[in-house]
Amino acid sequence: MLINQTQISPKEGWQVYSSAQDPDGRCICTVVAPEQNLCSRDAKSRQLRQLLEKVQNMSQSIEVLNLRTQRDFQYVLKMETQMKGLKAKFRQIEDDRKTLMTKHFQELKEKMDELLPLIPVLEQYKTDAKLITQFKEEIRNLSAVLTGIQEEIGAYDYEELHQRVLSLETRLRDCMKKLTCGKLMKITGPITVKTSGTRFGAWMTDPLASEKNNRVWYMDSYTNNKIVREYKSIADFVSGAESRTYNLPFKWAGTNHVVYNGSLYFNKYQSNIIIKYSFDMGRVLAQRSLEYAGFHNVYPYTWGGFSDIDLMADEIGLWAVYATNQNAGNIVISQLNQDTLEVMKSWNTGYPKRSAGESFMICGTLYVTNSHLTGAKVYYSYSTKTSTYEYTDIPFHNQYFHISMLDYNARDRALYAWNNGHQVLFNVTLFHIIKTEDDT
C-alpha cells in the first residue's frame with residue numbers, strides 16, 4: 001500500500017482524499033493525517049489511536065474489494081496477512097494488564113475474530129457500488145468517532161462505541177446471508193483430514209448446528225453395520241477421541257446418509273425406507289417408504305455399494321436422489337419434509353442413475369459427477385428452481401482414486417468425501433449475485 005501524508009490542523013481527523021490502483025494491482029490512497037499532540041504519550045490515547053488504525057485498515061480492505069476484478073486469490077492472501085497482524089496487535093494490548101481498558105479491548109478482539117471468515121467471502125466477489133458505499137460510510141463514521149476520542153479521552157461513552165462495532169458486524173453478517181446461494185464454478189483440494197476405515201463409508205457434520213457445535217459423525221462401510229461414532233470436534237476426530245457411539249435399530253444401506261438439524265437420515269438396508277433417527281433422544285422419530293425408488297443395487301451409482309438412494313441437504317432443505325422404473329432408471333430429485341419424510345415435490349431428470357459417480361445439492365441445484373474413479377468431474381447439473389439442466393465441465397482431484405461418498409455442507413461451504421479410506425474435504429467456489437433492498 002502506498003500512502004501520501006500531509007499535515008493539517010490538529011483538530012482535524014484522518015481523511016481519505018483519493019484512491020487508485022497502480023499497474024501492479026496495488027491500492028494507492030492519499031491520506032491527510034492529523035498533527036501529533038502531547039496526548040499521544042498517554043497510554044489510553046495510544047491504544048485508541050491503534051484501534052483507529054485498525055478501523056482504517058478495514059476501510060482499506062473494503063476499498064480493495066471495490067477495485068478487485070480477476071485477482072481473487074492474491075487479495076485473499078493479503079487480507080489473511082492483514083488480519084493476522086491485527087490479531088497480533090490486539091494481543092499486545094491484552095498483555096498490558098495495567099490499562100483499565102483491557103477487558104473492553106478483549107471484547108472487541110473477540111468480535112473482530114468473528115469477522116475473519118466474513119471478510120474473505122466479501123473479497124471473493126465484487127458487490128454492487130451502492131452496498132460498498134454503505135460500508136465505506138459506516139467505516140468513515142466510526143473513524144470520526146475514534147478520532148474525537150483520541151483528541152479528548154472520555155468524551156465519548158464506551159458502550160456507544162461498542163454498539164457501533166456490533167452494528168458493523170451485523171451489517172457484514174447481513175451481507176453474508178445475501179451470499180448464501182450461488183452457482184458452482186470450481187472445486188479445489190482435497191484436504192486430507194484423516195485416513196481410517198474401509199474403502200467405503202461416510203463422515204459428516206450438521207449444517208444447521210451452531211458455530212460452537214462442531215460434532216463429527218462417522219459411519220464405516222456401506223452394509224452390515226449400524227454403529228455410528230460421534231466426535232466433539234474435527235480435532236477429536238483426527239485424534240480418534242470418541243465422545244459417544246450409537247447403535248442404530250436398523251442396518252443402513254450405502255454411504256449416502258446425512259445429519260440435518262440434530263437427526264441422522266439414512267436408507268434402511270434392503271428397502272427403500274428412509275429412517276430419521278434423533279441423536280439427542282436416541283430413537284427413531286420417523287420412517288417412510290420412498291415410493292417406486294429402486295434399492296439394493298437396482299439403481300446405484302457407478303461404484304455400486306447399495307448406493308441407490310442418496311440423502312442430502314443444502315441451503316434450501318432436505319433432499320432424496322434416486323431412480324425409478326417409471327423414469328426409465330433416470331435420476332429423480334425429491335424434496336422431503338424433514339419431520340414427516342413426506343415428498344413435497346419431485347423432479348424427473350434425463351440423466352441415468354447408473355452412469356453417475358456421485359451427486360450433491362447446492363442451492364436447489366443437483367450436481368452429478370460422471371465417475372467415481374480418476375478423471376472424474378462434475379458433468380451435469382439440474383436446477384429445481386427452473387426445471388432445466390445443463391452439461392458442465394468442472395474437474396476435481398480424485399487423489400485416492402475411488403470416491404464412495406460426496407456431500408455438500410452448506411455451513412462449511414465444502415464437500416465432504418470418503419476417498420478410498422481417506423476422509424477429505426474439497427473447497428467450492430460459487431458465483432454469487434448480491435441483491436440490495438432496492439432490487440425487485
Side-chain angles (χ1 to χ4, degrees), residues 114 116-122 124-125 172-191 193 202-219 233-234 237 255-266 274 276 279 310-321 333-339 341 344-345 347 358-369 378 381-386 392 394 396 403 405-418 423-435:
E114 291 178 5
L116 284 174
L118 302 180
I119 297 299
V121 174
L122 291 174
Q124 287 184 352
Y125 300 99
L172 288 171
R173 290 194 178 278
D174 288 342
C175 186
M176 181 76 168
K177 292 178 181 178
K178 294 180 181 180
L179 289 174
T180 297
C181 270
K183 181 179 179 180
L184 179 66
M185 303 298 292
K186 185 179 180 181
I187 300 175
T188 56
I191 300 169
V193 176
W203 72 295
M204 65 212 81
T205 59
D206 189 344
L208 293 187
S210 65
E211 293 182 2
K212 296 182 179 179
N213 182 353
N214 295 302
R215 288 186 294 175
V216 177
W217 291 273
Y218 178 89
M219 301 170 69
S233 66
I234 289 285
F237 173 61
T255 58
N256 306 117
H257 334 293
V258 65
V259 174
Y260 189 69
N261 200 22
S263 293
L264 171 68
Y265 297 81
F266 68 96
I274 300 173
K276 177 184 179 181
F279 285 125
D310 192 349
L311 301 172
M312 55 189 74
D314 68 354
E315 293 83 354
I316 295 175
L318 185 66
W319 305 85
V321 172
I333 306 169
S334 291
Q335 187 173 7
L336 305 179
N337 181 297
Q338 65 170 301
D339 297 318
L341 302 179
M344 296 189 292
K345 187 175 181 180
W347 293 260
E358 277 289 343
S359 67
F360 52 90
M361 296 287 293
I362 299 179
C363 300
T365 296
L366 180 71
Y367 294 92
V368 181
T369 71
V378 177
S381 66
Y382 186 95
S383 169
T384 59
K385 181 178 180 180
T386 61
T392 61
I394 305 175
F396 60 95
I403 291 180
M405 170 252 178
L406 187 64
D407 278 327
Y408 173 70
N409 185 294
R411 186 185 73 164
D412 300 337
R413 290 188 183 167
L415 294 174
Y416 282 64
W418 191 289
Q423 292 75 53
V424 305
L425 289 172
F426 292 93
N427 292 318
V428 298
T429 298
L430 305 180
F431 175 75
H432 301 283
I433 299 177
I434 302 178
K435 293 185 177 181

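These numbers come from a predicted model, not from an experiment.
Proximity of D310 to S359: side-chain heavy atoms (C-beta onward) are separated by under 4.5 Å at one or more points. Looking only at side-chain heavy atoms (C-beta outward), V259 and T205 stay at 4.5 Å or farther from each other. Annotation: side chain of W203 is in contact with side chain of F237 (closest heavy-atom distance under 4.5 Å). Within the 4.5 Å cutoff, the side chain of T365 has no heavy atoms near those of the K385 side chain. In this structure, W418 and Q423 have side chains that are in contact, with non-hydrogen atoms separated by less than 4.5 Å.
Minimum interatomic distance between T392 and V378 (heavy atoms only, all atoms of both residues): OG1-O, 2.8 Å. When all heavy atoms of A209 and R411 are compared, the closest pair comes out as O-NH1, 3.4 Å. Taking every heavy atom of both residues into account, E315 and I362 meet most closely at OE1-C, 3.9 Å. When every heavy atom of L336 is checked against every heavy atom of A320, the shortest pair comes out as CD1-CB, 3.9 Å. Nearest heavy atoms, M312 versus D407: CB-OD1, 4.1 Å.
Using bins of under 30°, 30° to 60° and over 60° for the plane-to-plane angle, the ring pair F279/W217 lands in the parallel bin.
Using a cut-off of 4.0 Å between Lys/Arg side-chain N and Asp/Glu carboxylate O, D339 and K276 are scored as salt-bridged.
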N256 vs L311, side-chain contact (heavy atoms from CB on, under 4.5 Å): CA-CA, chis, key distance, verdict: CA-CA 6 Å; N256 306 117; L311 301 172; 5.7 Å; no
Test side-chain contact (heavy atoms from CB on, under 4.5 Å) applied to L366 and M361, step by step: CA-CA 5 Å; L366 180 71; M361 296 287 293; 3.5 Å; yes
Steps toward side-chain contact (heavy atoms from CB on, under 4.5 Å) verdict (F266, V258): CA-CA 7 Å; F266 68 96; V258 65; over 6 Å; no
From CA spacing to verdict: side-chain contact (heavy atoms from CB on, under 4.5 Å), I234, N214: CA-CA 7 Å; I234 289 285; N214 295 302; 5.7 Å; no
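Taken from NZ in K345 to CG in N337, the straight-line distance is 16.0 Å, to the nearest 0.5 Å.
Remark: W319 pairs with W347 by the ring-ring contact (aromatic ring centres under 6.0 Å, His included) rule, at least two apart or across chains.
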